[in-house]
Amino acid sequence: MLPHMNAPEERTLILLKPDAVARGLVGQLIARFEGKGLRIEEMQMRTLDAATADEHYAEHVDKSWYPSLRDFICSGPLVALMLAGDQAIDVVRGMIGATDGRQAAPGTIRGDFSLSNQANLVHASDSAASAARELKLFFPN
Ligand code: CDP
Ligand code: MG
């Protein structure tokens with residue numbers, strides 16, 4: 001039996017943030033995920049309104065830096081993706097690297113392309129519970 005036939009599938013929400021779209025990195029970033037073997041199940045370009053940003057970042061809305069993050073995440077179009085694959089949630093978190101692009105390891109997306117702790121190109125769900133909640137917000141069907 002092929003290995004993938006036993007693999008437990010997971011789904012995770014990825015956002016290619018407005019800085020990724022503005023810098024023309026969407027194709028390169030999607031290529032990394034596809035190259036890894038993750039499957040795109042849904043994909044949508046949209047510009048978030050403040051209410052949707054607040055819902056998506058519910059855990060952060062009370063932080064001192066949240067207003068700045070909200071301005072950034074709503075500043076232009078982003079690309080939302082549902083990616084699927086074996087251990088997709090942790091695999092993608094590994095691929096994007098540490099939150100602060102200045103500290104993210106080379107070879108990760110943030111390590112290779114970001115020099116910022118805010119404009120760090122990619123959001124990815126950090127747990128099964130977050131993935132379920134976030135995917136429902138972006139892809140309610
Ligand atoms: O995105 P990740 O899960 O790695 O980090 P987080 O701690 O959940 O923070 C969410 C997002 O808030 C980050 O990806 C940054 O874009 C932003 N952020 C910020 O603007 N200022 C900070 N001091 C920390 C995070
Ligand atoms: Mg997070």
Side-chain angles (χ1 to χ4, degrees), residues 2-141:
L2 292 168
H4 74 266
M5 299 192 67
N6 288 325
E9 282 270 318
E10 280 184 357
R11 289 178 173 72
T12 186
L13 177 80
I14 310 307
L15 301 178
L16 307 179
K17 296 181 183 181
D19 55 330
V21 175
R23 290 174 59 191
L25 293 172
V26 168
Q28 283 190 66
L29 299 182
I30 289 176
R32 288 198 178 208
F33 295 125
E34 288 189 314
K36 183 69 175 171
L38 295 156
R39 232 172 40 250
I40 301 171
E41 292 205 325
E42 300 281 353
M43 180 161 68
Q44 181 189 49
M45 178 175 265
R46 62 187 282 188
T47 301
L48 296 194
D49 57 31
T52 306
D54 291 357
E55 214 177 321
H56 172 68
Y57 280 126
E59 74 204 279
H60 294 316
V61 290
D62 295 328
K63 306 236 166 94
S64 61
W65 43 265
Y66 180 70
S68 170
L69 172 60
R70 180 171 51 195
D71 287 349
F72 163 63
I73 206 70
C74 297
S75 65
L78 55 70
V79 176
L81 298 137
M82 183 192 296
L83 292 184
D86 185 13
Q87 296 183 28
I89 296 166
D90 283 350
V91 165
V92 171
R93 287 296 295 197
M95 290 177 73
I96 72 172
T99 302
D100 187 333
R102 296 166 298 191
Q103 287 156 19
T108 65
I109 289 170
R110 289 161 167 174
D112 287 352
F113 293 110
S114 168
L115 200 55
S116 168
N117 75 337
Q118 178 172 88
N120 57 6
L121 299 162
V122 184
H123 166 85
S125 306
D126 64 4
S127 67
S130 302
R133 186 182 71 79
E134 295 169 2
L135 283 167
K136 203 166 155 194
L137 179 63
F138 281 84
F139 301 110
N141 303 318

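First listed ligand is number 1; within each ligand, the first listed atom is number 1. When a residue number appears, it is its place in the shown sequence, counting from 1.
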*Asks:* Any side-chain heavy atom of Arg39 sitting closer than 4.5 Å to one from Met82?
*Replies:* no
*Asks:* Would you please classify the geometry between the Phe138 ring and the His56 ring as parallel, tilted or perpendicular, with 30° and 60° separating the classes?
*Replies:* perpendicular
*Asks:* Considering distance alone, does some N or O of His60 sit under 3.5 Å from an N or O of ligand 1?
*Replies:* yes
*Asks:* Side chain, backbone, both or neither: which part of Arg70 has a heavy atom under 4.0 Å from ligand 1?
*Replies:* neither
*Asks:* Could you tell me the residue and atom name of the protein heavy atom closest to atom 11 (C) of ligand 1, and the distance to it rounded to 0.1 Å?
*Replies:* Leu69 CD2, 4.0 Å
*Asks:* Take Asp54 and Arg70 through the salt bridge (charged side-chain N to carboxylate O under 4.0 Å, His left out) test and state the conclusion after the steps.
*Replies:* CA-CA 7 Å; Asp54 291 357; Arg70 180 171 51 195; 3.1 Å; yes
*Asks:* Are more than 12 heavy atoms from other residues, nucleotides or ligands located less than 6.0 Å from atom NZ of Lys63?
*Replies:* yes
*Asks:* Could a heavy atom of Lys17 be found less than 4.0 Å from some atom of ligand 1?
*Replies:* yes
*Asks:* For residues Phe113 and Val122, determine if any side-chain heavy atom of one lies less than 4.5 Å from a side-chain heavy atom of the other.
*Replies:* no
*Asks:* Between Glu59 and ligand 1, does any nitrogen or oxygen pair lie at a separation below 3.5 Å?
*Replies:* no
*Asks:* How close does the nearest protein non-hydrogen atom get to atom 1 (O) of ligand 1, and which residue and atom is it?
*Replies:* Arg110 NH2, 3.0 Å
*Asks:* Do Asp100 and Arg102 meet the salt-bridge criterion of a basic N to acidic O distance under 4.0 Å?
*Replies:* yes
*Asks:* Which heavy atom of the protein is the closest neighbour of atom 2 (P) of ligand 1, given with residue, atom name and distance?
*Replies:* Thr99 OG1, 3.5 Å
*Asks:* Is ligand 1 under 4.0 Å from a heavy atom in the side chain of Asp126, in the backbone, in both, or in neither?
*Replies:* neither
*Asks:* Is the contact between His56 and ligand 1 made by the side chain, the backbone, both, or neither, using heavy atoms and a 4.0 Å cut-off?
*Replies:* neither
